[in-house]
Amino acid sequence: MKILVINCGSSSLKYQLFDMDKEVCMAKGNVERVGSPDAFIVHRPEGRDKITYNVEAKDHEEALKHVFAALTDAEIGVISDLSEVSAVGHRVVHGGEKFAGSVLIDDEVMKALDECQDLAPLHNPPNIMGVQACRRLMPNLPMVGVFDTAFHQTMPREAYMYALPYELYRKYGVRRYGFHGTSHRYVSARAAQVLSRPKEELCVVTCHLGNGSSLAAVKHGISIDTTMGFTPLEGVPMGTRSGDIDPAIVSFLCEKLEKSPAEVVLGYLNKKSGVLGLSGGASNDFRDLEQAALDGNELAQLALDVFAYRVAKYIGAYAVAMGALDAIVFTAGIGENSPEMRERICKRLGVFGVELDPEKNQVRGVEQVISTPASRVAVLCIPTNEEITIARDTAEIVKAAGAVS
Ligand code: AMP
């Protein structure tokens, strides 16, 4: 069975085609600058060189046509006809309270997705455009929606409710939803496998540290808390996002900067804050910051310290939330590739008996236990794989629905 995974952003479209019989990726790529005259595609057939060329893609539907052409091309393609694809899995950022798991997409689901747009005005519209474009181009192909929020729908009320007037939750759905759920689900399950323990016995904190960062408390395989909230702005500081701040800062800044709340939240808290803002604009990339700190840049050092402190503080909070701490997992760009940041964080966790093995901690992008045998908490580096999780969910759901044999 071949499954195509699609992830649409506002001006980009990422894809991966899987052969699920062997669980291998046949090709992947992305179309960038969708909607602009200089759109281009980067196509990577497995085991061969990547190919980059300009395409005309005024919208996601046109971008998809180029993806289909690349996948079926006689030279750079990996299948001879699109009919070889059994189903499409779509990444959807926000499923609200309607979706606690992945679903087969039909007209009713499309309507429910429309209703979720309000909750994620930046993220959901391009995801939905991708689904609509696929449905128009391949009307008979089963499609599955896999939600970033779904894994966190198991949070108890005490974790997802904000201390705001209750009617704001009832009327407008103001609550913590959490994001990166597909990644937290994948790496927490892998951690149990690597440790040869049933996930039902483990209390794990998963740290997805990338351009956007979030942590989750995964108790016995179930998410019971996570740092991102109503939107992906809450929690630890990120590349350009502030993470937790006193909400009164927003109205204070509106007055001082003579900006609207939307301008402050989008322009400042989302785009100019985080480690970029803290470092005085040095960089939002942790590689640059680590180098700058080594070169004596004090604000770069401050940004790294604030980040490590806040991540460590949440790990402590989640040990309390779960009543135990068996493992800490590092994943995503920083978590997988920065031994320095993993060390900065774990150094602060001595109270839990966390002990990193300095040599094992040197790994980058490799699945490995990086703590010492004596460490009271296992620490792991686990490369995330959201796409394979989407492909697996898609295969499982279309099979169960009898949509494919
Ligand atoms: P992601 O959003 O998961 O793709 O992560 C992207 C981020 O990972 C980049 O912005 C970098 O800050 C960070 N990153 C990638 N490689 C490294 C590295 N070798 N050392 C430190 N940070 C890294």
Side-chain angles (χ1 to χ4, degrees), residues 5 7-16 28-30 32 42 44 91 93 122-123 148 178-188 190 206-216 226-228 232-233 235-243 270-295 297 299-308 310-311 329-347 356 358 360-368 370 380-390:
V5 172
N7 179 359
C8 278
S10 56
S11 62
S12 68
L13 187 159
K14 292 190 196 132
Y15 62 94
Q16 267 196 53
K28 62 180 161 186
N30 45 303
E32 295 296 331
V42 184
R44 296 180 169 85
R91 177 197 181 204
V93 169
L122 295 179
H123 296 93
D148 272 23
F179 298 87
H180 293 144
T182 313
S183 175
H184 290 295
R185 172 156 66 111
Y186 174 82
V187 297
S188 58
R190 279 302 308 158
T206 46
C207 308
H208 179 110
L209 309 180
N211 228 336
S213 295
S214 71
L215 279 71
T226 189
T227 55
M228 283 179 169
L233 185 55
V236 295
M238 310 178 207
T240 63
R241 286 175 242 166
S242 63
N270 265 295
K271 295 193 173 158
K272 289 187 188 163
S273 300
V275 291
L276 174 73
L278 264 172
S279 65
S283 179
N284 64 333
D285 191 308
F286 281 71
R287 285 164 289 203
D288 300 339
L289 292 175
E290 278 167 6
Q291 189 53 53
L294 282 177
D295 296 341
N297 182 327
L299 291 185
Q301 183 64 51
L302 172 70
L304 295 171
D305 289 343
V306 171
F307 184 82
R310 298 265 204 101
V311 171
V329 179
F330 288 104
T331 193
I334 303 157
E336 292 167 27
N337 297 301
S338 175
E340 294 84 1
M341 182 48 73
R342 293 191 297 246
E343 194 191 327
R344 274 179 222 276
I345 295 165
C346 289
K347 229 169 43 186
L356 269 192
K360 288 186 185 146
N361 183 39
Q362 293 312 310
V363 286
R364 292 171 199 268
V366 175
E367 199 172 82
Q368 185 168 298
I370 55 173
L380 299 96
C381 168
I382 298 189
T384 194
N385 196 337
E386 291 160 283
E387 292 77 13
I388 193 66
T389 311
I390 296 174

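Only a predicted model underlies this, so the values are computations on that prediction, with no experimental measurement involved. Side chains are part of it too, since the values below use all heavy atoms of this structure and drop only hydrogens, waters and symmetry mates. Order of listing sets the numbers, starting from 1, for every ligand and every atom in it.
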With a cut-off of 4.0 Å, which atoms of ligand 1 are near a heavy atom of Gly210? 1 (P), 2 (O), 3 (O), 5 (O)
How long is the gap from CE on Met238 to CE on Met228, to the nearest 0.5 Å? 4.0 Å
Inter-residue atom distance Asn7.CG - Lys14.NZ, 0.5 Å rounding: 5.5 Å
Nearest heavy-atom contact between Ser188 and Thr206 is CB-CG2, 3.8 Å
Could you check whether atom 14 (N) of ligand 1 has a protein contact, counting only heavy atoms that fall below 4.0 angstrom? yes
Flag the pair Tyr186 / Ile388 as yes when at least one side-chain heavy-atom distance between them is below 4.5 Å, and no otherwise. yes
For atom 17 (C) of ligand 1, state which one of Arg364, Met238, Arg287 supplies the nearest heavy atom. Arg287
Considering only non-hydrogen protein atoms, determine which one is nearest to atom 19 (N) of ligand 1 and report residue, atom name and distance to 0.1 Å. Asn337 O, 3.3 Å
Value for CG (Leu276) from CZ (Arg241), rounded to nearest 0.5 Å, stands at 12.5 Å
Note: ligand 1 atoms sitting under 4.0 Å from heavy atoms of Ile334 are 8 (O), 13 (C)
Quick check on contacts: which atoms of ligand 1 are under 4.0 angstrom from a heavy atom of Ala332? 3 (O)
Identify the closest protein heavy atom to atom 11 (C) of ligand 1: which residue and atom is it, and at what distance? Asp285 OD1, 3.4 Å
Nearest non-hydrogen protein atom to atom 2 (O) of ligand 1, with distance, is Asn211 N, 2.9 Å
Distance from atom 3 (O) of ligand 1 to nearest protein heavy atom, with residue and atom: Gly333 N, 2.9 Å
For Ser338, the atoms of ligand 1 under 4.0 Å from one of its heavy atoms are 20 (N), 21 (C)
So, for Gly335 and Cys381, which heavy atoms are closest and what is the spacing to 0.1 Å? O-SG, 4.4 Å
Are a donor atom and an acceptor atom from the side chains of His180 and Thr226 found within less than 3.5 Å of each other? no
Indicate yes or no: at least one non-hydrogen side-chain atom of Leu209 is less than 4.5 angstrom from one of Leu215. yes
Considering heavy atoms of the protein only, find what lies nearest to atom 12 (O) of ligand 1 and give residue, atom and distance to 0.1 Å. Phe286 N, 2.8 Å
